[in-house]
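No hydrogens, no waters, no symmetry mates; every other heavy atom, side chains included, goes into these values.
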Amino acid sequence: MDIGMVVLAVLGGYLIGSLSFARIVSALAGRGLKDPENVEIKLEGMKSSVRIDTVSATSVSIKAGPKLGFLTYLLDVLKVFIPVFILRKAFPGQPYYLIWAAAALVGHVWPVYYRFRGGGGMSVVIGSLFAIDWIAVFVMSLGGIILG
C-alpha cells in the first residue's frame, strides 16, 4: 500500500465529503431556504414540535419540497459513489476506496467548510455501499425494516 495514495484518499475523501449539497441546493434554489440548519416541524394536533439540527436532504425536503430534497440526496450519494467506485476498480486488492469512503463520511458529518456542522451521513453510507457492494444497500434497508 502506497502512503501517498492513503494520504490522497483521506484528504480527497474528507474534502469532497465536506461539500454540503443541502446548503448548495438551498442557496441555488432560493425559495426562502436560507438556513437549512434550523428546521422545525410542527406536529399536527399537538403543542410540541420536532427540531432538525443537521443539514440534510430531509431539511431541504421539508423547507423547499421533495424534488429539491431528492436532488440533494442524489448529489450526496453520488459525491461518494463515483470516487469510491473509481478507486475500487482502479486499485483492485487495495483498500483505498474504503479509506476514501470513511474519510468522506467524516467530512460529511463534520465539514471543514461549514464550521464542522454537517449532515447525518446516511446518504454517504448508502453511496459508499452502492460502490462497495450494492446488495448491501438492500440488505441494510431490509434489516432496518425488520429490526426498526
Side-chain angles (χ1 to χ4, degrees), residues 1 3-43 48-91 94-145 147-148:
M1 186 164 32
I3 192 69
M5 280 300 297
V6 171
V7 170
L8 181 67
V10 169
L11 289 177
Y14 180 79
L15 294 175
I16 296 296
S18 289
L19 292 174
S20 174
F21 283 109
R23 288 180 175 96
I24 293 168
V25 168
S26 298
L28 293 177
R31 296 196 187 181
L33 184 58
K34 295 186 191 247
D35 188 12
E37 291 185 43
N38 300 312
V39 176
E40 192 168 333
I41 304 169
K42 303 281 185 196
L43 301 175
S48 60
S49 62
V50 176
R51 184 181 169 118
I52 300 174
D53 290 331
T54 59
V55 181
S56 63
T58 302
S59 61
V60 172
S61 182
I62 290 167
K63 282 216 157 171
K67 289 180 184 176
L68 290 177
F70 182 73
L71 176 63
T72 302
Y73 167 76
L74 186 61
L75 291 171
D76 277 341
V77 167
L78 289 175
K79 79 178 176 185
V80 178
F81 171 79
I82 293 170
V84 169
F85 184 79
I86 290 170
L87 284 171
R88 183 171 169 249
K89 295 297 182 185
F91 300 99
Q94 295 295 326
Y96 303 133
Y97 66 100
L98 297 174
I99 296 167
W100 183 289
L105 178 62
V106 172
H108 185 82
V109 177
W110 296 289
V112 67
Y113 309 128
Y114 307 104
R115 300 176 319 277
F116 303 102
R117 296 180 63 186
M122 201 61 206
S123 57
V124 173
V125 170
I126 290 172
S128 298
L129 284 178
F130 260 122
I132 295 166
D133 185 6
W134 63 270
I135 294 174
V137 175
F138 300 106
V139 171
M140 180 182 75
S141 299
L142 183 61
I145 291 169
L147 299 174

Output every pair passing salt bridge (charged side-chain N to carboxylate O under 4.0 Å, His left out) with a member in residues 65-77, not counting sequence neighbours, ordered by first then second residue. Asp76-Lys79
Looking at CZ of Phe81 and CD1 of Ile126, how far apart are the two atoms once the value is rounded to the nearest 0.5 Å? 13.0 Å
Short question: side chain of Arg88, backbone of Ala131 - any donor-acceptor pair under 3.5 Å? yes
Ile132 meets the side chain to side chain contact (heavy atoms under 4.5 Å, CB included) criterion, sequence neighbours left out, with Val84, Tyr97, Leu98, Ser128
Scan the side chains in residues 5-18 for donor-acceptor partners under 3.5 Å anywhere in the protein, sequence neighbours excluded, and list what turns up.
from: Tyr14; atom 1: OH; to: Trp110; atom 2: O; distance (Å): 2.6
from: Tyr14; atom 1: OH; to: Val112; atom 2: N; distance (Å): 3.2
from: Ser18; atom 1: OG; to: Tyr14; atom 2: O; distance (Å): 2.8
from: Ser18; atom 1: OG; to: Gly107; atom 2: O; distance (Å): 3.3

Give me the ring orientation class for Tyr73 and Phe70: parallel if the planes are under 30° apart, tilted from 30 to 60°, perpendicular past 60°. tilted
Does the side chain of Met1 come within less than 4.5 Å of Tyr96's, by heavy atoms? yes
All heavy atoms of Ser56 vs all of Ala22, minimum pair found to be O-CB, 3.8 Å
Please enumerate all residues that pass side chain to side chain contact (heavy atoms under 4.5 Å, CB included) together with Ile135, with sequence neighbours excluded. Asp133, Val139
Atom pair OG1 (Thr72) and CG (Leu68), whose distance is rounded to the nearest 0.5 Å: 6.5 Å
Which atom of Val124 lies closest to which atom of Ala101, heavy atoms considered: CG1-O, 4.5 Å
Results of side chain to side chain contact (heavy atoms under 4.5 Å, CB included) for Leu28 - residues two or more places apart only: Ile24
Rounded to the nearest 0.5 Å, how far apart are CZ of Phe138 and CZ of Phe130? 4.5 Å
Kindly write out the residues that satisfy side chain to side chain contact (heavy atoms under 4.5 Å, CB included) with Leu129, not counting sequence neighbours, or none if the list is empty. Val125, Ala136, Val137, Met140
